[in-house]
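Take a look at the structure below.
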There are 2 protein chains.
Amino acid sequence: MEKAKAVFNEFIASKNLRMTPQRSLILDIFLRKKGHLTAEQLYDMVKRKDPSVGQATVYRMLKLLSESGIAREVDFGDGVLRYEHLYGREHHDHLICTRCNKEVEVVDEEIERLQERLAKRHGFVLTGHRMYLYGICKECRNNVGE
Amino acid sequence: MEKAKAVFNEFIASKNLRMTPQRSLILDIFLRKKGHLTAEQLYDMVKRKDPSVGQATVYRMLKLLSESGIAREVDFGDGVLRYEHLYGREHHDHLICTRCNKEVEVVDEEIERLQERLAKRHGFVLTGHRMYLYGICKECRNNVGE
DNA sequence: AAGTTTATGAAAATGATTATCATTTTAAGA
DNA sequence: TCTTAAAATGATAATCATTTTCATAAACTT
Ligand SMILES: [Mn+2]
Ligand SMILES: [Mn+2]
Ligand SMILES: [Zn+2]
Ligand SMILES: [Zn+2]
């Protein structure tokens, strides 16, 4: 939390950018919340603390957070980008229930390894990947009637 | 090709929809082209054959093609949906060069298997997945200067 | 052929994100 | 502290792919 703030401050300094009350507020709120949240959701929370902050500033800040390694953009494929904590977290992929939209964070070291191998086999050096698994969770399978 | 057309015709009939010259033309052109093409690209090709066709019809048709299992929506994450042949093709994922945008179609049975296992481990029954591997291809690694 | 349903094309609407721009802040210097 | 150049902000307009709307034109049914 404090560590993440320090990292962001360093990033800001290294790019000759400036720390402002707006950025500080947005960063605070972002770090406090966990999960995957959209720019709109974050904007709503920011507005509650300071209604004068514009949404463009939130969008701009999310870009900076991503660049600095504090946040990561997540695209579930529904037309809205979400952001999650990246700093201090392990890499993971997502398992999504298409019925109740539950999102489970998952990792499979074996899959990660095989992805590298697969890319290499085609002459590529992997720089990243996006993997989303879609399915029906146990709860949804039980509540078939409703 | 003819088989695919028949499948689409059946789909149209089963839904009490109608086959029209526009749909037929769009289907023909789509089936003739391979690769991953956008609605805009398909629209351009259709226009060349019949300038009177509207782009809304192309978008509508792509929806139908996807529903009927003839086409599959592919989202490389650049803000534009692409469509590829699905009927008569094997499942595959994509390996994309972030420098030259080369797209390689890949499959790794082992990964597919592990995805199932991973989902099951979390109580999910997998219905699908999206996996995109991003990296730098061999050619791009050689042409570093240009 | 008449009636009913579905399809079409043009144009407007949508919705998330980005760009613009006039104004305000910030960080350094003098 | 005053000055100034660079960067940030917020309101608003612009983008851009996709979807809707709606009046008109097919397509099927009887
Ligand atoms: Mn996550
Ligand atoms: Mn493909
Ligand atoms: Zn569920
Ligand atoms: Zn390349």
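It should be emphasised that the depicted structure is a prediction, and the values quoted were computed from it without experimental measurement. A note on names: the letters A, B, ... follow the listed sequences, proteins ahead of strands, and every chain is numbered from 1.
- Residue order along DNA chain C, read from the 5' end via each residue's closest nucleotide, puts A:Gly79 first among A:Gly79 and A:Ala56.
- Within the nucleic acid shown, B:Ser52 comes within 4.0 Å of sugar-phosphate atoms alone, with no base atom in reach, counting heavy atoms only.
- Phosphate proximity of C:dT6 to B:Lys15: absent, as no side-chain N or O sits under 4.0 Å from OP1 or OP2.
- Here D:dA8 presents its C1' atom at 14 Å from CG of A:Asn16, a figure rounded to the nearest Å.
- In the model, A:Glu84 has a side-chain atom that pairs as donor or acceptor with a side-chain atom of A:His92 under 3.5 Å.
- Among the nucleotides C:dT26, D:dA11, C:dT17, the one closest to any side-chain atom of A:Pro21 is C:dT26.
- Relative orientation of the B:His85 and B:Phe30 rings is tilted, given thresholds of 30° and 60° on the angle between their planes.
- With rounding to whole Å, B:Leu25 atom CG is found 16 Å from D:dA26 atom C1'.
- Atom CG in B:Asp50 sits roughly 12 Å away from atom P in D:dA26 (whole-Å rounding).
- At whole-Å resolution of the value, NZ in B:Lys63 and P in C:dT8 are 15 Å apart.
- Of the candidates D:dT18, C:dT8, D:dG10, D:dT18 carries the atom nearest the B:Val80 side chain, counting heavy atoms from C-beta on.
- Across all strands, B:Arg23 comes closer than 4.0 Å only to sugar-phosphate atoms, never to a base (heavy-atom distances).
- The base of D:dA6 sits with one of its N or O atoms less than 3.5 Å from a complementary donor or acceptor on the side chain of A:Arg18.
- Nearest nucleotide to the side chain of B:Gln55, out of C:dT17, C:dG9, D:dT18: D:dT18.
- B:Tyr59 has a side-chain polar atom (N or O) that falls below the 4.0 Å cut-off from OP1 or OP2 of D:dT18.
- Between the CD atom of B:Gln41 and the P atom of D:dA17 there is a distance of 11 Å, rounded to whole Å.
- For the OP1/OP2 pair of D:dG10 and a distance below 4.0 Å, the side-chain nitrogens and oxygens of A:Gln22 include at least one atom meeting the criterion.
- Salt-bridge annotation for A:Arg82 and A:Glu73: absent, with no side-chain N of the basic residue lying under 4.0 Å from a carboxylate O of the acidic one.
- Distance CG (A:Leu62) to P (C:dT17): 9 Å, rounded to an integer number of Å.
- Atoms CG (A:Leu17) and P (D:dT9) sit 10 Å apart, rounded to a whole Å.
- When rounded to the nearest whole Å, the span between CZ of B:Arg60 and P of C:dT8 equals 7 Å.
- Contact annotation: A:Thr57 reaches the phosphate of D:dG10 (side-chain N/O to OP1 or OP2, under 4.0 Å).
- There is a side-chain donor-acceptor pair under 3.5 Å between B:His36 and B:Glu105.
- Note on A:Thr20: a side-chain N or O is less than 4.0 Å away from OP1 or OP2 of D:dT9.
- Under the 4.5 Å side-chain heavy-atom criterion for Ile, Leu, Val, Met, Phe, Trp and Tyr, A:Val80 and A:Val58 are members of distinct hydrophobic clusters.
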